[in-house]
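What follows is one structure encoded as structure tokens, with my remarks underneath.
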2 protein chains.
Amino acid sequence: MARDTRERLMEAGLVLFSRKGLAGTTVSDIEARAGLRAGSGSFYRHFASKDALFEVVVRRELDRYRATIRDAEPDSPREPREPGVADAKVALALEFHQTLTTLDQLGRLETIISRDARAMGTLFDEVESLYNAALDASTHRLDQLMKAGQIPRRDPQALAEMIRSTLIGYHLNTQSFRRSPRRVSPADLIATLIDLIS
Amino acid sequence: MARDTRERLMEAGLVLFSRKGLAGTTVSDIEARAGLRAGSGSFYRHFASKDALFEVVVRRELDRYRATIRDAEPDSPREPREPGVADAKVALALEFHQTLTTLDQLGRLETIISRDARAMGTLFDEVESLYNAALDASTHRLDQLMKAGQIPRRDPQALAEMIRSTLIGYHLNTQSFRRSPRRVSPADLIATLIDLIS
DNA sequence: GTCTATACGAAGATAGAC
DNA sequence: GTCTATCTTCGTATAGAC
């Protein structure tokens, strides 16, 4: 038992909520997974209720999400000076790849959201605004690339939405249907996307 | 009470399973929504158990899905003779629009799948193969368009996967975050997609 | 075919020993 | 801080009256 019990309970909750949903997860399940005796009320020495744990877990994942985004996006909007078209492609590829990685890391939160959005209460609004912020940032970046003549001019908002839809759709698909030999790799998808945009 | 009770129970189950999941839905909920007294066991005069209803409901939606696909895709792979590039664009737009409509109609099954895939047992495999069949059909169509010189040549499989990801991602996004004035309409999305492909 | 009433078990939650 | 034991609530499911 390396980490303390409260920590293990949160980790267990995260996994189980994403797998079986809030209603489908019992406190006994959580105790068992955290190394406690299932059915003993030991859980309640650490959290007031199952719902309380749920909120704590979701909030923490949300904070992690924010941190990941902050890290991925340094405060200064790096504008490469005199960038070539190739640079733009590389930058876009990196950005798309980063988004997929983030989605992977945050997969559990993603799953919890799609499953128990209604149980999340106000936290749901935070997720939504975070999502919209990311979309706005993407729109802005695409707009700049267009103005710089690095990619053809189109409706930047529609394009941003399309790209985000693609990445999220791909992510969710590979989550639901985990085809063993994935027919189209993330690299292939991104390459196609870049090819189309530029 | 226009339709008979069994029918109303199935309808109620469909709605509630997609909203709150299998575990989150109680038989009493279902009874109430079907116009029966909640808590009376009247449900059990029509179905052996909650799980039994779940299977029946999912199977019926699956059959509807198949029927929708069959209707949307006439048996003869209509190959327009001497088609212009404009024709190809129109055909693609119609196809994408059709896909979004289907996803909308089948939204509840979609939600149930993403929520309770594990509870679906062998039905899940049927959904997956259906999904893959649709993807293969799309790949084939794109390949033909490329060979006919109507759209630029690319990896048809990657392109098909990308398009499908986009449509599903868009659909799920607008489901989860129902922004009232949708920032990018389905038409905008499709237009962007077509613009990029051709 | 729906109701009231109820048996039964599963799950949430608490008390108190160690 | 975890355990055993227990209480309570709720949900599944059945029995039998109407």
With sequence neighbours excluded, residues passing side chain to side chain contact (heavy atoms under 4.5 Å, CB included) with B:A32
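Result, side chain to side chain contact (heavy atoms under 4.5 Å, CB included) vs B:A32: B:A38.
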
Under the salt bridge (Lys or Arg N to Asp or Glu O under 4.0 Å) rule, collect the residues that match up with A:D29, sequence neighbours excluded.
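Result, salt bridge (Lys or Arg N to Asp or Glu O under 4.0 Å) vs A:D29: A:K20.
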
For A:D125, what residues pass the salt bridge (Lys or Arg N to Asp or Glu O under 4.0 Å) criterion, not counting sequence neighbours?
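None.
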
Atom [atom1] of [X] to atom [atom2] of [N]: distance rounded to whole Å?
| X | N | atom1 | atom2 | value |
| --- | --- | --- | --- | --- |
| A:F47 | C:dA11 | CZ | P | 21 Å |
| A:F54 | C:dG12 | CZ | C1' | 17 Å |
| B:R8 | C:dG1 | CZ | P | 11 Å |
| A:H46 | C:dA13 | NE2 | C1' | 15 Å |
| B:L9 | C:dG1 | CG | P | 12 Å |
| A:E31 | C:dA11 | CD | C1' | 11 Å |

Can you list everything that forms a side chain to side chain donor-acceptor pair (under 3.5 Å) with B:T25? Sequence neighbours excluded, please.
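For B:T25, no residue satisfies side chain to side chain donor-acceptor pair (under 3.5 Å) once neighbours in sequence are set aside.
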
Pairs involving residues 45-59 of chain B, ordered by first then second residue, that meet side-chain hydrogen bond (donor to acceptor under 3.5 Å, both in side chains) (sequence neighbours left out):
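The answer is none; no pair qualifies.
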
So, A:R164 versus B:N173: side-chain donor-acceptor pair below 3.5 Å or not?
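No pair is found: no donor N or O on one side chain lies under 3.5 Å from an acceptor on the other.
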
So which protein N/O to nucleotides 12-18 of chain D N/O distances come out below 3.5 Å?
| unit_1 | atom_1 | unit_2 | atom_2 | d |
| --- | --- | --- | --- | --- |
| D:dT12 | OP1 | B:K50 | NZ | 3.1 |
| D:dT12 | OP2 | B:V27 | N | 2.9 |
| D:dA13 | OP2 | B:Y44 | OH | 3.1 |
| D:dG16 | O6 | B:R45 | NH2 | 2.8 |

